[in-house]
Amino acid sequence: MKAKFPFAFCLLVVLAAGLGATRLSSREKPAPAAQKAQKNAQKAPAAPSASQGQIDRGKYLVENVGMCEECHTPRDSSGNLDESRRLQGAAIWIMPVHRMTNWSMRAPALAGLPGFTDAEAETVLEHGIGPNGLPIQPPMHVYHMAPSDAQAIVAFLRSMPNAYPRN
Ligand code: HEC
């Protein structure tokens with residue numbers, strides 16, 4: 001019986017220490033979260049509707065996954081992409097092996113997304129349906145992108161300077 005008291009006392013001490021520790025850590029937690037919120041608030045004026053992370057992801061998808069520049073960026077006389085006119089619309093230079101009546105000979109400008117609403121551009125990328133409600137014409141791919149990917153691409157394209165009007 002006697003031995004039980006020190007054991008119970010020890011248990012109490014351990015419990016109390018544990019409780020103190022969780023209190024401490026829960027007290028510490030709000031600080032970094034508040035700092036993060038403050039940082040985001042500072043970033044907000046530069047990009048009111050899209051985060052920098054979303055724009056960066058859109059850039060990666062456009063340049064390294066969707067390869068949009070292959071068709072939407074014009075080429076110089078040697079056939080290299082003219083990066084000074086990045087995504088500003090281009091003539092299509094690839095031809096189908098078999099005759100296709102709906103083959104499109106021009107890829108429109110995407111930089112700044114002139115002439116599209118965000119929703120229209122997202123519908124193209126998620127469902128392959130153009131702003132006129134018709135299926136998008138080849139050689140434009142019928143992508144079935146996840147909405148978050150389509151939104152990231154739209155955020156990146158909107159962030160680009162809209163140097164030229166829609167062509
Ligand atoms: C193989 C060539 C090719 C590639 C690669 C390509 N596009 Fe296109 N894109 C086209 C062509 C051609 C059209 C015009 C289609 C039409 O007239 O229906 C088009 C049309 C579009 C349209 C709709 C424009 C409109 O007025 O209807 C959007 C938006 C678009 N592309 C975005 C993209 C994005 C974003 C990527 C990369 C993820 C991409 N495209 C990759 C060739 C391409």
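Atom set for the values below is all heavy atoms of this structure, side chains included, hydrogens, waters and symmetry mates excluded. Numbering of ligands and ligand atoms starts at 1, following listing order.
Near M67, the atoms of ligand 1 lying under 4.0 angstrom from a non-hydrogen atom of the residue are 5 (C). Heavy-atom contacts of I92 reach the following atoms of ligand 1: 12 (C) (cutoff under 4.0 Å). Atoms of ligand 1 found under 4.0 Å from any heavy atom of C68 (numbered from 1 in listed order, with element): 34 (C), 35 (C), 36 (C), 37 (C), 38 (C), 39 (C), 41 (C). Shown in contact with L125 at under 4.0 Å from a heavy atom are these atoms of ligand 1, numbered in order with element: 34 (C), 35 (C). Of all atoms in ligand 1, numbered sequentially from 1 with element shown, those under 4.0 Å from a heavy atom of C71 are 1 (C), 2 (C), 3 (C), 4 (C), 5 (C), 42 (C), 43 (C). Here is the list of ligand 1 atoms found below 4.0 Å of a heavy atom in P131: 25 (C), 27 (O). Listed by atom number, the atoms of ligand 1 under 4.0 Å from L110 heavy atoms are 28 (C), 29 (C), 30 (C), 32 (C), 33 (C), 34 (C).
Every residue two or more places apart in sequence or in another chain was checked for a ring-ring contact (aromatic ring centres under 6.0 Å, His included) with H144, and none qualifies. With sequence neighbours excluded, the residues satisfying side-chain contact (heavy atoms from CB on, under 4.5 Å) with W103 are I92, I94, M95, P96, M100, M105, P138, P139.
Heavy atoms of R106 come nearer than 4.0 angstrom to ligand 1 in at least one pair.
Look at R86 and E63 and you find a salt bridge, because one of the NZ, NE, NH1 or NH2 atoms lies within 4.0 Å of a carboxylate O, short of that distance.
Note that the SG atom of C68 and the OH atom of Y143 stand 5.0 Å from one another [nearest 0.5 Å]. Interatomic distance, CG of L125 versus CG of D149, reported as 9.5 Å (0.5 Å rounding).
Nearest-heavy-atom check against atom 39 (C) of ligand 1 across Q137, H72, E122 picks out H72. Nearest-heavy-atom check against atom 13 (C) of ligand 1 across M145, H141, M140 picks out M140.
Closest approach of T73 to E69, counting heavy atoms only: OG1-OE1, 2.9 Å.
One hydrophobic cluster, built from ILVMFWY side chains closer than 4.5 Å, holds both V62 and Y60.
Between E70 and L81 there is a side-chain heavy-atom pair separated by less than 4.5 Å.
Residue contacts with ligand 1, taken as heavy atom pairs separated by less than 4.0 Å, involve P108 solely via side-chain atoms from C-beta onward.
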